[in-house]
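Okay, so here's the structure we're looking at.
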Amino acid sequence: MAPAKVSGFYKHGNDWFFNAGLPSDLTIIVDGVNFHLHKFPLMSKCGKIASIFEELKSTHDKTFTTKLEEFPGGPDAFLFAAKFCYGIRVEFTARNIIMVYCAADFLEMTDEYGEDNLLLKSENFLHKNVLRNWKDCILALQSCESCMPRAEKLYILKKCLNAVSMMVCTDPSLFGWPMVMYGSLQSPGGSILWNGINTGARIRSAESDWWFEDISYFSVGLFERLIKTMEGRGIRCELLAGAIMYYARKYLPGLGRWQSVQGGKARTVASFSLTPVAVDQKVLLESIEMLLPKKKGKSFCRFLLGLLRVASILGVNQTCQDSLERRIGMQLELASLDGLLIPSYSDSDTLYNTDCVERIVHHFVSLESGLTLFSPPSLDLESSPSSEPLRKVARLMDSYIAEVASDVNLKPGKLRTLAEVLPESSRPLHDGLYRALDIYFKAHPWLSDGEKKKLCNIIDYQKLSVDACAHASQNERLPLRVILQVLFFEQMHLRMALAGCLNVLEAESAPTGQGEIAGNATAGQIVQRDGWVTVVRENRVLKMDMEKMRSRVGELEEEFSKIKQEMKRVTKSHSSLSSPRVVARKFGCKLLAKSSDAQTDVAGSTGPTPRPSVEKACSSRNSRHRKSFSLF
């Protein structure tokens, strides 16, 4: 195979040669690669090589061999410097500028050993081209991994990080120079420039997270340095948290299920042609936890829960896990149920890591108790706005306990601990706890009555709603003594509700001003008893129905009194009783005229015998009316 020649240099195996027609008198070894060169070109440009040659000159050997330990940039950087020493044209790029700069400094290629030497050229290119361009600055930082210690010593790394931070947290329109991004030249006003002429065309305004994808190609150490530099420059913690979350989602695949990952910016990847770095996920997670700012938010809390889930899988150190749990506890009221359902990846028999959730709640309670120390003593905890997070966490924990209660391996003691980790004042209603216990009893039918009674002691039956009391009084899974207690408190609630209804009715019948005040006060007390408001409403409807019935009864009494008076007139008037037609006409009745009736009527008018029968009939009819009135 023929050796490959590159600009006078060619490589044969693991050795580099310069095609000059003269034998080599200097061999330099860099990271196991041999460079067979000549003394004069290198000694005239490199102070390091000149000093080495002075030390080896006493050996009187024709060829000198030296080894350069820890050469920044490796063989590629030394080959670049060697080409420059031989006068071969070299090209500075954003990808090689930092390693060339470090190599020139290592070889002491200053102006003392030649005018316009490599160190000066590298420094000029870095300041004039790289530090003013976002794309070149990103490329330079990503390619400096091989010479990081020397670059940090020369403050090259700091200069690049500061430049990136300045372009991220500062509006480019505040500067007097245009800014090149993604291959387009943009004026300070935001218009596209062509040959320095303002075209008037506007480019789409970039979002605040436009730089997340670009810096995600940095290594963990470099990314950490950049975030700290941005934090020192005062960039908003929201943007820092967004960049950290974006970086974590890219290299921790376990977060993808719990986070809404947006697609990468294809234009950025295409223009940079970068490849993601290989990272240690455990080291990455521990580093990210230390970088995260103290921030609160639903999405951020969900991200922290996802980190905790991945941390339990990777087995991070205890300090990192404790810090994550403490961060989550600071904003537990913003967490969701699915985020708290962390599977148990240890040797535990339970499905979910309940110990972890218990520690998180303890952190939350300790924080809340510290805050309540400074609250006024006369402030009602249940009506205080500061207690709203506590009530939210109580509802969240009730849902969590109900979810894990179906686990057959969950011990009764652990369930009781989870229920009692929050103070009693955090739950205005105990319906959630009752529901969780009912699910637990259903999933654990082998529990004894004694164990069930101990678990039922965590419920305050006075804080059960009407529906919960009705369900508990018919729940066969509860012990009999518990059911009796529920029935007792249910009757007590009914009495209180009925007493409240009477107070409301009395307040409504009072004068307008006093009635409204008393009614509002009493109604407000009843409304506080959740679940009994419907009783008040039903009693109000019942009162209206009773008023309607009372008016109807009055109307019926008036009609009946009229009938009674008419009957008295009938009994007193003997002449009217002799004619059934008259009585029937007074009662509004009509008799049909028949021949037999007519004959009977005529015969009755001539004889006195029918009169007693008519009087008897009228008296019997009158007595029936009197009996019906007395019974009514």
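Basis for what follows: all heavy atoms, side chains included, without hydrogens, waters or symmetry-related copies.
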Item to check | Side chains of L422 and V393 in contact at under 4.5 Å (non-hydrogen atoms) | outcome: yes
Next on the checklist: Treating Y345 as the side-chain partner and L314 as the backbone partner, does any N or O pair qualify as donor plus acceptor under 3.5 Å?
Outcome noted: no
Next on the checklist: If you compare all heavy atoms of L285 against all heavy atoms of L252, which two are closest, and at what distance to 0.1 Å?
Outcome noted: CD1-CD1, 4.1 Å
Item to check | Side-chain heavy atoms of W446 within contact of V408, under 4.5 Å | outcome: yes
Next on the checklist: Can you confirm whether the side chains of K250 and S216 place a donor and an acceptor under 3.5 Å from each other?
Outcome noted: yes
Checklist entry - Got a donor-acceptor contact below 3.5 angstrom from the T417 side chain to the G413 backbone? => result yes
Item to check | Nearest atoms (heavy-atom pairs only) where C147 meets P72 | outcome: CB-CB, 3.8 Å
Checklist entry - So, does H444 use its side chain to make a donor-acceptor pair with the main chain of K411 at under 3.5 Å? => result no
Checklist entry - How many angstroms lie between CD1 in I138 and SG in C160, if you round to the nearest 0.5 Å? => result 9.5 Å
Checklist entry - Which pair of heavy atoms, one from L418 and one from M397, lies closest together, and at what distance? => result O-CE, 4.0 Å
Checklist entry - Of the options D355, D349, D407, which is the one that meets K414 in a salt bridge (charged side-chain N to carboxylate O under 4.0 Å, His left out)? => result D355
Next on the checklist: Around atom CD of E238, are there more than 12 heavy atoms from other residues, nucleotides or ligands closer than 6.0 Å?
Outcome noted: yes
Checklist entry - Would D431 and R395 pass as an ion pair if we require N to O under 4.0 Å? => result no
Item to check | Worked check of salt bridge (Lys or Arg N to Asp or Glu O under 4.0 Å) between D338 and R302 | outcome: CA-CA 9 Å; D338 58 340; R302 187 177 181 86; 3.3 Å; yes
Checklist entry - Can you name the nearest heavy-atom pair linking L390 to S426, along with the distance? => result CG-CB, 3.5 Å
Item to check | Carboxylate-amine/guanidinium contact R391 E388, below 4.0 Å | outcome: yes
Checklist entry - What is the distance from atom CG of L161 to atom CZ of R233, rounded to the nearest 0.5 Å? => result 10.5 Å
Checklist entry - Is the closest side-chain donor-acceptor distance between D467 and S465 under 3.5 Å? => result no
Checklist entry - Considering residues, nucleotides and ligands other than E424, do more than 12 of their heavy atoms fall under 6.0 Å from its CD? => result no
Next on the checklist: Between R427 and K463, does the side chain to side chain contact (heavy atoms under 4.5 Å, CB included) criterion hold? Intermediate values first, please.
Outcome noted: CA-CA 9 Å; R427 293 182 174 92; K463 293 185 178 182; 5.5 Å; no
Item to check | Whether over 12 other heavy atoms sit under 6.0 Å from E224 CD | outcome: yes
Item to check | Side chain proximity check, F300 to M245, heavy atoms < 4.5 angstrom | outcome: yes
Checklist entry - Taking the side chain from R327 and the backbone from P293, do they hold a donor-acceptor pair closer than 3.5 Å? => result yes
Checklist entry - Nearest 0.5 Å, what's the NE2-CG distance between H362 and L332? => result 12.5 Å
Next on the checklist: Closer than 3.5 angstrom, by distance alone: can the side chain of H430 be matched with the main-chain N or O of L464 as a donor-acceptor pair?
Outcome noted: no
Item to check | Residues M230, V164; criterion side chain to side chain contact (heavy atoms under 4.5 Å, CB included); working and verdict | outcome: CA-CA 9 Å; M230 291 181 176; V164 171; 4.3 Å; yes
Checklist outcome for this item: In this structure, CG of L340 is separated from SG of C356 (nearest 0.5 Å) by 8.5 Å
Next on the checklist: If only side-chain N and O atoms count, and only distance matters, is there a donor-acceptor pair under 3.5 Å linking Q321 with N317?
Outcome noted: no
Item to check | H363 vs M330, side chain to side chain contact (heavy atoms under 4.5 Å, CB included): CA-CA, chis, key distance, verdict | outcome: CA-CA 7 Å; H363 289 304; M330 292 173 59; over 6 Å; no
Item to check | Any S165 side-chain heavy atom under 4.5 Å of L226 side chain | outcome: yes
Checklist entry - Could you state the interatomic distance from CG (L429) to CG (D460), rounded to the nearest 0.5 Å? => result 10.5 Å
Checklist entry - Between I360 and L308, is any pair of side-chain heavy atoms under 4.5 Å apart? => result yes
Checklist entry - Quick one: CG on D398 to CG on L433, what's the gap to the nearest 0.5 Å? => result 4.5 Å
Checklist entry - Considering only heavy atoms from C-beta outward, does the side chain of C102 approach that of I156 to under 4.5 Å? => result yes
Next on the checklist: Please tell me whether E213 and Y246 have a donor and an acceptor in their side chains that are separated by less than 3.5 angstrom.
Outcome noted: yes
Item to check | Non-hydrogen atoms of P389 and F364 that approach each other most closely | outcome: O-CZ, 3.8 Å
Checklist entry - Has the side chain of S344 got a donor or acceptor atom that lies under 3.5 Å from a matching backbone atom of N353? => result no
Checklist entry - With a 4.5 Å heavy-atom cut-off, do L240 and L292 have their side chains touching? => result no
Item to check | Nearest heavy atoms of C456 and L437, plus distance in Å | outcome: CA-CD1, 4.1 Å
Item to check | Backbone of S448 reached by a side-chain donor or acceptor of E451 within 3.5 Å | outcome: yes
Checklist entry - Would you find a donor on one side and an acceptor on the other, under 3.5 Å apart, between the side chain of Q331 and the backbone of K295? => result yes
Item to check | L222 vs M148, side chain to side chain contact (heavy atoms under 4.5 Å, CB included): CA-CA, chis, key distance, verdict | outcome: CA-CA 9 Å; L222 189 59; M148 186 74 74; 4.3 Å; yes
Item to check | K228 NZ: over 12 foreign heavy atoms closer than 6.0 Å | outcome: no
Next on the checklist: Let's go through D438 and R477 carefully: what are the C-alpha distance in whole Å and the side-chain angles of both, what is the deciding distance for salt bridge (Lys or Arg N to Asp or Glu O under 4.0 Å) to 0.1 Å, and is it a yes or a no?
Outcome noted: CA-CA 7 Å; D438 187 44; R477 289 184 286 270; 3.0 Å; yes
Checklist entry - Judged by modelled atom types alone, do N475 and Y434 share a side-chain donor-acceptor pair under 3.5 Å? => result yes
Checklist entry - So does D322 pair up with R359, basic N to acidic O under 4.0 Å? => result no
Checklist entry - So, R309 side chain and L304 main chain: donor-acceptor pair closer than 3.5 Å or not? => result no
Checklist entry - Without hydrogens or angle criteria, can the side chains of S219 and E145 be said to hold a donor-acceptor pair below 3.5 Å? => result yes
Next on the checklist: Just so I know, are the side chains of I401 and Y440 near enough to count as touching, which here means a heavy-atom distance under 4.5 Å?
Outcome noted: no
Next on the checklist: Check this for me: does any side-chain nitrogen of one of R225 and E152 sit under 4.0 Å from a carboxylate oxygen of the other?
Outcome noted: yes
Checklist entry - Out of Y251, Y247, F218, which one pairs with F223 under the ring pair (Phe, Tyr, Trp, His ring centres under 6.0 Å) rule? => result Y247
Checklist entry - Is it true that K296 and E333 make a salt bridge, defined as a side-chain N closer than 4.0 Å to a carboxylate O? => result yes
Next on the checklist: Main chain of C320, side chain of S323: is a donor-acceptor contact present, judged purely on distance under 3.5 Å?
Outcome noted: no
